[in-house]
Amino acid sequence: MARRALNSRVRGPAPGRSVTGTVTRVHSRHARVALDDGEETRCALRKTLFREEDQFTKPVAVGDRVRVTSFGPRTAVVEEVLPRRGYLARLQVETGKEQIMVANVDQVLITVALAEPAFRPRIADRILVAAERGGFDGIIALTKSDLIDDRGPFDEMAALWSDMGYQTLFTSLVTGEGIGELKKLLVGSTTVLAGQSGVGKSSLLNAVEPALELRSQTVSDKWGK
């Protein structure tokens, strides 16, 4: 009996199977990965990923395609990050490295409210610059069009973005303006949604796909968020 127990310890773990998947969540040294076979598992990150990393703050990002060695339903390791085809990132001034927010996207949907909170087109410009650098397209949704009386100044800004080659549309959850067009722009593409607090990101997603049932809240009169 003692000899058999000793032999089992010497043999070590059973060989793992190599699979691929998509990262859905990232922690400091772990990631959640949706495997291509339909399973989702928590994976440790191989230490060599950190040693090889120098351009980015973390070696793995949400959306990354990765190669995983799985030893069972709760034991897996991310071995390799497969080549990225586009990513949205921001620069950390202190370190000079990029913080990747999401990888392997086809386009970014930028939401900018016309009112409540106040119109801030420069936020959209910053995200468009990041999208160009990451190598993917941008769509601009001007939300809450039902809250404004004079559309003139906003038409000028929308025309400017359109002339630059970006799909730009006015949307309203009250009147339904732009929702059908937006649905068509999302079909067949992996899209990341970006925009400041309170512009209607969750509400817009609920309008496009009601089954999501995302929680949304009203904008604070005091803080505008």
Side-chain angles (χ1 to χ4, degrees), residues 25 61-63 86-93 98-225:
R25 184 174 297 181
V62 170
Y87 59 86
L88 187 66
R90 56 188 173 195
L91 183 68
Q92 283 195 346
V93 178
E98 290 183 278
Q99 178 188 356
I100 298 182
M101 292 174 280
V102 63
N104 294 323
V105 296
D106 299 310
Q107 58 189 13
V108 56
L109 172 59
I110 306 167
T111 51
V112 183
L114 302 180
E116 298 181 10
F119 184 56
R120 297 182 63 186
R122 293 296 171 263
I123 291 179
D125 290 339
R126 289 169 54 191
I127 299 173
L128 288 173
V129 170
E132 289 288 346
R133 191 168 187 273
F136 52 92
D137 296 327
I139 302 170
I140 302 166
L142 301 172
T143 64
K144 307 185 183 182
S145 63
D146 55 285
L147 297 181
I148 58 170
D149 298 321
D150 180 12
R151 192 175 284 194
F154 306 108
D155 281 332
E156 293 179 6
M157 195 68 214
L160 177 62
W161 282 321
S162 295
D163 290 343
M164 295 170 63
Y166 299 111
Q167 293 273 4
T168 306
L169 60 156
F170 289 86
T171 65
S172 170
L173 303 181
V174 175
T175 66
E177 180 182 13
I179 302 302
E181 183 181 355
L182 180 58
K183 287 182 180 181
K184 294 178 182 178
L185 293 174
L186 299 179
V187 172
S189 296
T190 301
T191 307
V192 57
L193 186 61
Q196 73 181 106
S197 172
V199 296
K201 296 186 295 296
S202 298
S203 298
L204 197 61
L205 285 180
N206 284 335
V208 170
E209 181 49 75
L212 291 174
E213 297 183 345
L214 299 176
R215 194 180 117 190
S216 60
Q217 296 177 302
T218 57
V219 177
S220 166
D221 291 332
K222 181 177 181 180
W223 304 109
K225 296 183 179 181

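As the structure is a prediction and not an experimental result, all values here were calculated from the model. Numbers here are sequence positions counted from 1.
Shown here are the ring-ring contact (aromatic ring centres under 6.0 Å, His included) partners of Y166, two or more places apart in sequence or in another chain: there are none. By the ring-ring contact (aromatic ring centres under 6.0 Å, His included) test, F154 is found to be paired with F119, residues two or more places apart in sequence or in another chain being considered. For A115, the side-chain contact (heavy atoms from CB on, under 4.5 Å) partners at least two apart in sequence or on another chain are L147, I148. Qualifying salt bridge (charged side-chain N to carboxylate O under 4.0 Å, His left out) partners for R126, counting only residues two or more places apart in sequence or in other chains: none. Judged as a side-chain contact (heavy atoms from CB on, under 4.5 Å), and not counting sequence neighbours, the contacts of V208 are L182, K183, L186.
Across every non-hydrogen atom of D106 and F136, the tightest pair is O-CB, 3.3 Å. Closest of all the heavy-atom pairs between A131 and V108 is CB-CG1, 3.8 Å. Between E98 and A89, the shortest heavy-atom distance links the atoms OE2-CB, 3.9 Å. Across all non-hydrogen atoms, the minimal contact from T143 to V199 is OG1-O, 2.7 Å. Taking every heavy atom of both residues into account, A207 and I179 meet most closely at O-CG2, 4.1 Å. Nearest heavy atom pair, residue S189 against residue Q107, reads CB-NE2, 3.7 Å.
Atoms CG and CG, on L88 and N104 in that order, are 12.5 Å from each other to the nearest 0.5 Å. Annotation: the span from L91 atom CG to Q99 atom CD amounts to 10.0 Å, rounded to 0.5 Å. Here the CD-CG distance, from E116 to L114, works out to 11.0 Å after rounding to the nearest 0.5 Å.
With Q167 as the partner, the side chain to side chain contact (heavy atoms under 4.5 Å, CB included) test is satisfied by one option alone out of D137, I140, L185: L185.
Counting heavy atoms from C-beta outward, W161 and I110 have side chains that stay 4.5 Å or more apart. A 4.5 Å side-chain heavy-atom check between L193 and T111 finds at least one atom pair inside the cut-off. When side chains are defined from C-beta on, L169 counts as touching I139, because their heavy atoms get closer than 4.5 Å.
Listed by first and then second residue, the side-chain hydrogen bond (donor to acceptor under 3.5 Å, both in side chains) pairs that reach into residues 149-160 are R151-E177, sequence neighbours excluded.
Side chain of K201 to backbone of Q196: a donor-acceptor contact under 3.5 angstrom is found.
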